[in-house]
Q: 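Please find one structure pasted underneath; my questions will follow.
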Amino acid sequence: DPLYQRALAITEKSVGARSSQAAAILTNLAVGYVARHKYKQAEAVLVRSLAIEENSSNLACYAEVLRNTKRKAAAIEISARANALLAGKP
């Protein structure tokens, strides 16, 4: 976490808090939280990432968080959006 937090701070300062690079770092940070079953923290950073840029990677990670926190219907909806983006259908 500390390395991603530092990378995020540097990125936000150099290219902006709403840059695609910041969104990617937030998503990577969330993946680490998910791996350690820290779903509340993962969801918080994913919400930030999604506010910057919605892509198949952060949507898929968010769907996993939703599944693991027993929000199956929302997970299905988010997974469908991720799959649509992968298929080139916005």
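Below, all heavy atoms of this structure are taken into account, side chains as well, without hydrogens, waters or symmetry copies.
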Q: Find the distance between CZ (R71) and OH (Y62) and round it off to the nearest 0.5 Å.
A: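 If we round to the nearest 0.5 Å, R71:CZ and Y62:OH are 5.5 Å apart.
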
Q: Ignoring hydrogens and angles, tell me if any N or O in the side chain of N83 forms a donor-acceptor pair with the backbone of S79 under 3.5 Å.
A: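 Yes.
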
Q: Rounded at 0.5 Å granularity, tell me how far CG in N68 sits from CD in E43.
A: 11.5 Å

Q: Looking at residues at least two apart in the chain, or sitting in another chain, which of them share a salt bridge (Lys or Arg N to Asp or Glu O under 4.0 Å) with E64?
A: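 By the salt bridge (Lys or Arg N to Asp or Glu O under 4.0 Å) rule, E64 matches no residue at all.
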
Q: For I52 versus S19, what's the shortest heavy-atom pair and its separation?
A: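 Taking every non-hydrogen atom into account, CG2-O, 3.4 Å.
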
Q: Just to verify, what does Y33 make a ring-ring contact (aromatic ring centres under 6.0 Å, His included) with, not counting sequence neighbours?
A: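 Scan of Y33 (ring-ring contact (aromatic ring centres under 6.0 Å, His included), adjacent residues dropped) gives none.
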
Q: Sequence neighbours left out, what pairs pass ring pair (Phe, Tyr, Trp, His ring centres under 6.0 Å) with at least one residue falling in residues 34-56?
A: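 Every pair satisfying ring pair (Phe, Tyr, Trp, His ring centres under 6.0 Å) with a residue in residues 34-56: H37-Y39.
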
Q: How far does CD1 of I78 sit from CG of L46, to the nearest 0.5 angstrom?
A: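 Spacing of CD1 (I78) from CG (L46) equals 10.5 Å.
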
Q: Roughly how far, to the nearest 0.5 Å, is the OG1 atom of T69 from the NZ atom of K40?
A: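 K40 NZ to T69 OG1: 12.0 Å, rounded to 0.5 Å.
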
Q: Just wondering, more than 12 heavy atoms not from L3 lying within 6.0 Å of its CG?
A: no

Q: Quick check for you: to the nearest 0.5 Å, what is the distance between E54 atom CD and L59 atom CG?
A: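 Separation between the atoms: 4.5 Å.
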
Q: Would you say Q21 and S14 make side-chain contact, with heavy atoms under 4.5 Å?
A: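 No, every pair of side-chain atoms sits at 4.5 Å or beyond.
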
Q: Apply side-chain hydrogen bond (donor to acceptor under 3.5 Å, both in side chains) to N55 and list each qualifying residue two or more places apart in sequence or on a separate chain.
A: E53

Q: Which residues satisfy the side-chain hydrogen bond (donor to acceptor under 3.5 Å, both in side chains) test with T27, sequence neighbours excluded?
A: S49

Q: What about V65 and L50, same hydrophobic cluster or not, with Ile/Leu/Val/Met/Phe/Trp/Tyr joined at side-chain heavy-atom distances under 4.5 Å?
A: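 Yes, V65 connects to L50 through the hydrophobic network.
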
Q: Quick check: closest heavy atoms across A30 and V45, and the distance to 0.1 Å?
A: CB-CG2, 3.5 Å

Q: Using 0.5 Å steps for rounding, measure from the CG atom of L29 to the SG atom of C61.
A: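 SG of C61 is found 10.0 Å from CG of L29.
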
Q: State which residue, out of Q41, R36, K38, fulfils the side chain to side chain donor-acceptor pair (under 3.5 Å) condition with D1.
A: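 The side chain to side chain donor-acceptor pair (under 3.5 Å) with D1 is passed solely by R36 among Q41, R36, K38.
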
Q: Minimum heavy-atom separation for R67 and A75, please, with both atom names.
A: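 Closest approach of R67 to A75, heavy atoms only: CG-CB, 3.5 Å.
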
Q: My understanding is that only residues two or more places apart in sequence, or in another chain, count here; which of them pass side-chain hydrogen bond (donor to acceptor under 3.5 Å, both in side chains) with T11?
A: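 In terms of side-chain hydrogen bond (donor to acceptor under 3.5 Å, both in side chains), with neighbours along the sequence ignored, T11 is linked to no residue.
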
Q: Under a single-linkage definition using a 4.5 Å side-chain heavy-atom cutoff for Ile, Leu, Val, Met, Phe, Trp and Tyr, are L8 and Y4 assigned to the same hydrophobic cluster?
A: yes

Q: Can you name the nearest heavy-atom pair linking A17 to A22, along with the distance?
A: O-CB, 3.6 Å

